[in-house]
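What follows is a set of notes on a single structure, which appears directly below.
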Amino acid sequence: MTILHIDSSISGDASVSRTLTKSIVESLGGDVIYRDLAAAPLSHLTERGQDPELLDEFLVADTVVIGAPMYNFTVPSQLKAWIDRILVAGKTFRYTENGPEGLANGKRVIIALTRGGFYGEGSPAAPLEHLESYLRGVFNFMGIEPEFVAADGLAISPEQRELSVNSALGETLRLAA
Ligand SMILES: Cc1cc2nc3c(=O)[nH]c(=O)nc-3n(C[C@H](O)[C@H](O)[C@H](O)COP(=O)(O)O)c2cc1C
């Protein structure tokens, strides 16, 4: 099994999303291709077009594990730059007479979300949740139903942080089982 492991947090060893993706990848086992989008950032997309190496890495992976912290209500721009390389018409989706069709189905995508606050349905901040909803939309568009593990409320209090991290870590083991 080939696993593509992507991290995007700027917080190094203190990062919760990095801890979660590491746990998932270690539990799954397999050949791992690792991309640290904070240590080696991709440039913004330009008209010169796509990056075949990044697209191929995504296409050959059986499983993709992504660390996605919430920055200003959505994905880090580092992760957005990677998404800009894998959403490619004719490769991962196409437009048909019946609307868009995903071409990347058959791949397992597991996403570790981390958020400082809470964005559940009905909560005051719910309208600002553009992380999980965006990523679900992006992968659905390519024909993939992503699986999520989330550590929320990380900035609320040390107690809440510990609770959320431990619960999400437990969830990573369940996902990888
Ligand atoms: C630049 C920056 C922006 C952030 N923006 C948000 C935000 O909009 N909403 C939120 O709930 N948390 C926000 N946070 C908190 C992070 O989501 C939280 O610290 C999380 O743990 C980051 O993931 P990491 O531990 O993997 O780095 C932000 C953190 C940083 C560093």
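We count ligands from 1, going down the list as the structure has it; atoms in each ligand are counted the same way. The residues of the chain are indexed from 1 along the displayed sequence. Hydrogens, waters and symmetry mates play no part in the numbers below; they use all other heavy atoms, side chains included.
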In terms of residue, atom name and distance, what is the protein heavy atom nearest to [atom]?
atom: atom 12 (N) of ligand 1; result: Gly116 N, 3.1 Å
atom: atom 21 (O) of ligand 1; result: Leu154 CD1, 3.2 Å
atom: atom 2 (C) of ligand 1; result: Tyr71 CD2, 3.5 Å

Please check if the side chain of Glu129 supplies one atom and the backbone of Glu132 the other of a donor-acceptor pair under 3.5 Å.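 Yes; at least one donor-acceptor contact below 3.5 Å.
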Exam field: side chain Thr92 to backbone Ile86, donor-acceptor pair closer than 3.5 Å: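 A pair under 3.5 Å: yes.
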Yes or no: does Tyr119 have any heavy atom under 4.0 Å from an atom of ligand 1?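 It does; at least one heavy atom falls under 4.0 Å.
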For ligand 1, which atoms, with element, lie under 4.0 Å from some heavy atom of [X]?
X: Pro69; value: 22 (C), 23 (O)
X: Val16; value: 24 (P), 25 (O), 26 (O)
X: Ser9; value: 24 (P), 26 (O), 27 (O)
X: Gly117; value: 10 (C), 11 (O)
X: Phe73; value: 7 (C), 8 (O)
X: Ser11; value: 27 (O)

With respect to Arg18, determine whether any N or O atom, backbone or side chain, lies less than 3.5 Å from an N or O atom of ligand 1.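 No, Arg18 has no N/O under 3.5 Å of an N/O on ligand 1.
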Any nitrogen or oxygen of Ala14, side chain or backbone, less than 3.5 Å from one on ligand 1?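 Looking only at distances, the answer is no, because the N/O contact criterion of under 3.5 Å is not met.
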What class does the angle between the rings of Trp82 and Phe139 fall in, given that below 30° is parallel, 30 to 60° is tilted and above 60° is perpendicular?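 Taking Phe139 first and then Trp82, their aromatic rings sit tilted (interplane angle of 30° to 60°).
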Quick check on atom 25 (O) of ligand 1 - does any protein heavy atom sit closer than 4.0 Å to it?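 Answer yes: something from the protein, a heavy atom, is under 4.0 Å.
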Lys107 to Phe58, cation-pi by 6.0 Å centre distance and 45° axis angle: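 Judged by the rule, Lys107 and Phe58 form a cation-pi pair.
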Heavy atoms of other groups near Glu162 CD, more than 12 under 6.0 Å: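 Atom CD in Glu162 is not packed in, count stays at 12 or less.
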If you define the side chain from C-beta out and look only at heavy atoms, does anything of Leu28 sit under 4.5 Å from Val65?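 Yes, their side chains come closer than 4.5 Å.
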If you define the side chain from C-beta out and look only at heavy atoms, does anything of Leu173 sit under 4.5 Å from Ser23?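 Leu173 vs Ser23: side chains touch.
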Val149 and Ile24: CA distance, side-chain angles, deciding distance, side chain to side chain contact (heavy atoms under 4.5 Å, CB included) verdict: CA-CA 10 Å; Val149 49; Ile24 296 166; 3.9 Å; yes
Pick from Arg161, Met70, Glu129: the one approaching atom 16 (C) of ligand 1 most closely through a non-hydrogen atom: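 Nearest heavy atom to atom 16 (C) of ligand 1 lies in Met70.
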Mind listing the closest non-hydrogen atom pair of Leu154 and Ser164 along with its distance?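 Looks like CD2-CB, 4.0 Å.
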